[in-house]
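Structure, as structure tokens:
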Amino acid sequence: LDKKVNQNNWEKGNYINYKKMSENLSIVRRRLNKPLTLAEKVLYSHLDEPETQEIERGKSYLKLRPDRVACQDATAQMAILQFMSAGMDQVQTPSTVHCDHLIEAQLGGAKDLSRAEEINKEVYNFLSTACAKYNIGFWRPGSGIIHQIVLENYAFPGALLIGTDSHTPNAGGLGMAAIGVGGADAVDVMAGLPWELKAPKVIGVKLTGQLSGWTAPKDIILKVAGILTVKGGTGAIVEYHGPGTESLSCTGMGTICNMGAEIGATTSIFPFNDRMYDYLKATKRQDIGDFARAYSHELREDEGAEYDQLIEINLSELEPHVNGPFTPDLATPISKLKDVAVKEGWPTDVKVALIGSCTNSSYEDMSRSASIARDALEHGIKAKSLYTVTPGSEQIRATIARDGQLQTFEEFGGMVLANACGPCIGQWDRRDVKKGEANTIVSSYNRNFTGRNDANPATHAFVTSPDLTTAFAIAGDLRFNPLTDKLKDKDGNEFLLKPPTGIALPERGYDPGQDTYQAPPADRSTVEVQVAPTSDRLQKLSPFDPWDGKDATDVPILIKCQGKTTTDHISMAGPWLKYRGHLDNISNNMLIGAINAENEKANSIKNVFTGEFDAVPATARDYKARGVKWAVIGDWNYGEGSSREHAALEPRHLGGLAIITKSFARIHETNLKKQGMLPLTFENPEDYDKIKTDDKLDMELSNLKVGEPLKVTFKSTDGKSWSTNLLHTFNEGQLEWFRNGSALNTMAKKAKE
Ligand code: SF4
């Protein structure tokens, strides 16, 4: 394990440290003296202090040293702005930035890309100069989606990577722990601080049997999402194991890990196997594959390792699934879809079918979908629905252009979009239906919350495999089951589509396509980072005020949110994405998607000082101008969805003090702490029902202590009051963040000491 093997083909001198990982594991083994899961091995081999670290799943906070950081362009802006304010001359952990989120789908790949380059010029210039300055690898617009680029270039078995995007776990398909974090966590690691994570529980998913026919790797996670629901993975790593893992392609395993984000899992991971070796070899990293083989005994679970929960899935019996609408855990097997769709009154016309995205854009996915499209073409028919194809990377696009799948999609009536997120994140200039019109779209993406793709709350978005997405495009109908239902060819004769076929890795190797990577220059001292003071898209940050040391009294409730409040509800994407680097401007979207329990409307709340109903951000600005700090009341799993720290920065910027909920999604809870906010949960979730929106709160902040509940009194307008306990998960270091005003203030203070 002494060999010097580079982590990737783009950087020199960033070696894979299996030796150190193995030494750390020996220390932990000696201390714990029990068989370990793979998830534990990967995490514990990255402990900052393996000798002294307290280790208990679900309890202790681990201090970890990730191997890498990856940021996408929307989240990188704020992360780098924060890193800059820490005053260092280069990142302390190898990092990359990927331009993928800001490209709007309109006319097709090349045109959309050049329009995006024009519109986002100042952001791309900022990121490109900041990356050059601080020694960060920069993947230009058009290179592809972050998770695909990471899988193709940077992921390696046993590694620990953090990424400022919730689908970072995609790289679990190459046997690494890849974890989605907020920008603030990325800043810590870029600055060389250890990264803190509550030791996750481990959910085992044992796979037996083998996939066949129309069933694809995606169906495994669609099924798991149905079992565990959007909350079920919270605080846990999902670890796949068992003989069924051997038959899945590396990219198929990536798909499964990718969508693990939808069940709230910290990450998902597969054990190292020959399919991963083959993928490493195909992506010109055979040396890494050989090195991983030498360390392979630590790249799978120990015999007898125990899981906190165990799910078993027999792949031979698994049916294709379609999940949705509006939530990714509403899983329906294809054999039942017709009946359910009719019973529920879902629009059955499939208006648009979209394949690709970071979840499903591998060579295998593309060739399977192309085989279905070809079958239809051979019967003289094309896609009935609009059909879009998003290649995950320039390499995939160039390879399918060379090998003919891309031409098949075009012949089939498809539009090939840029190698970017596009409609998956609402970057979609959709024109085929009007806003508010109920309609159905089907995609091979991962996420289908209300309004995510096209900002139309009446769009019923379903997620499924690319195979079924393509089949729905042909039939144009959600009631279609390609396993049993016949189609009509151009002459009216009936035929059954053939089950898809496709190969995992291109026989002629990958075509790298255009060169889209910018390496940091050898001399970085003369590089100037470009941020215009007049910009409405980028704004340098000022530190938040520290806590005044006093208890909080008469804190108004800004909004009592009803039902699901995702990070999309708290900080909407779509058109707002362009203000990601400008905190004041983007704060005008704060909580505008959340439903007010008082009137069941979005973005309409009563100002407790004026009695008038107004928009949420305007009301918060009014409270801030009055010098009044406010609180938000939330339901279960508040902040689920994505890692965006804007959902925490915005309430802090507009004067928020506390977010009080029945429960939090992990990343959002940490993000709130980082920005100096108080994420609190009800000791009795029924208290939520007792709260009236015009109640005011007294909070004994001077009694805020690790492991102890916080006493809060709710006072109603009729003079009555009641007290209750709120829980929190702050540890001592995190309480410092609250006292100093933010984690970044704490870092800056420590750097000065
Ligand atoms: Fe992009 Fe969608 Fe993947 Fe997120 S989930 S990285 S928005 S393609």
Side chains of Glu394 and Asn419, donor plus acceptor under 3.5 Å: yes

Geometric class of the Phe495/His379 ring pair [parallel <30°, tilted 30-60°, perpendicular >60°]: parallel

With Thr234 via side-chain hydrogen bond (donor to acceptor under 3.5 Å, both in side chains) - residues at least two apart: none

Contacts of type side-chain hydrogen bond (donor to acceptor under 3.5 Å, both in side chains), residue His147, not counting sequence neighbours: Asp165

Ring pair (Phe, Tyr, Trp, His ring centres under 6.0 Å) contacts in which one or both residues fall within residues 208-258, not counting sequence neighbours: Tyr240-Phe270, His241-Tyr307

Donor on one side chain, acceptor on other, Ser247 and Gln210, under 3.5 Å: no

Residue list, side-chain hydrogen bond (donor to acceptor under 3.5 Å, both in side chains) with Arg666, at least two apart or on another chain: none

Parallel, tilted or perpendicular: ring planes of Trp10 versus Tyr517, cut at 30 and 60 degrees: tilted

Distance-only polar pair, side chains of Tyr363 and Gln405, donor-acceptor under 3.5 Å: yes

Student check: side-chain heavy atoms of Asp302 and Arg29 closer than 4.5 Å: yes

Which atom of Ala70 lies closest to which atom of His98, heavy atoms considered: CB-NE2, 4.2 Å

Name of the residue among Asn448, Val442, Ile441 meeting side-chain contact (heavy atoms from CB on, under 4.5 Å) with Phe462: Val442

Test side chain to side chain contact (heavy atoms under 4.5 Å, CB included) applied to Gln53 and Val28, step by step: CA-CA 9 Å; Gln53 170 74 57; Val28 173; over 6 Å; no

Distance-only donor-acceptor check, side chains Asn8 and Asn153, under 3.5 Å: no

Candidates Glu23, Met21, Lys20 - the one meeting side-chain contact (heavy atoms from CB on, under 4.5 Å) with Ser45: Met21

Pairwise side-chain contact, Phe409 with Met366, heavy-atom cut-off 4.5 Å (strictly under): yes

Close side-chain approach of His167 to Arg447, heavy-atom, < 4.5 Å: yes

Donor-acceptor side-chain pairing of Asn9 and Lys284 below 3.5 angstrom: no

Minimum-distance pair of heavy atoms, taken over all atoms of Ser371 and Pro500: OG-CA, 3.5 Å

Residue pairs passing the side chain to side chain donor-acceptor pair (under 3.5 Å) test where at least one lies in residues 285-297, sequence neighbours excluded: Asp274-Arg293, Tyr277-Gln286, Tyr277-Asp290, Thr283-Arg285

Within 6.0 Å of CD in Gln514, more than 12 heavy atoms from elsewhere: no

Polar side chain donor-acceptor pair, Thr470 to Tyr387, under 3.5 angstrom: yes

Within-4.5 Å side-chain heavy-atom neighbours: Leu151 and Tyr279: yes

All ring pair (Phe, Tyr, Trp, His ring centres under 6.0 Å) counterparts of Tyr61, not counting sequence neighbours: none

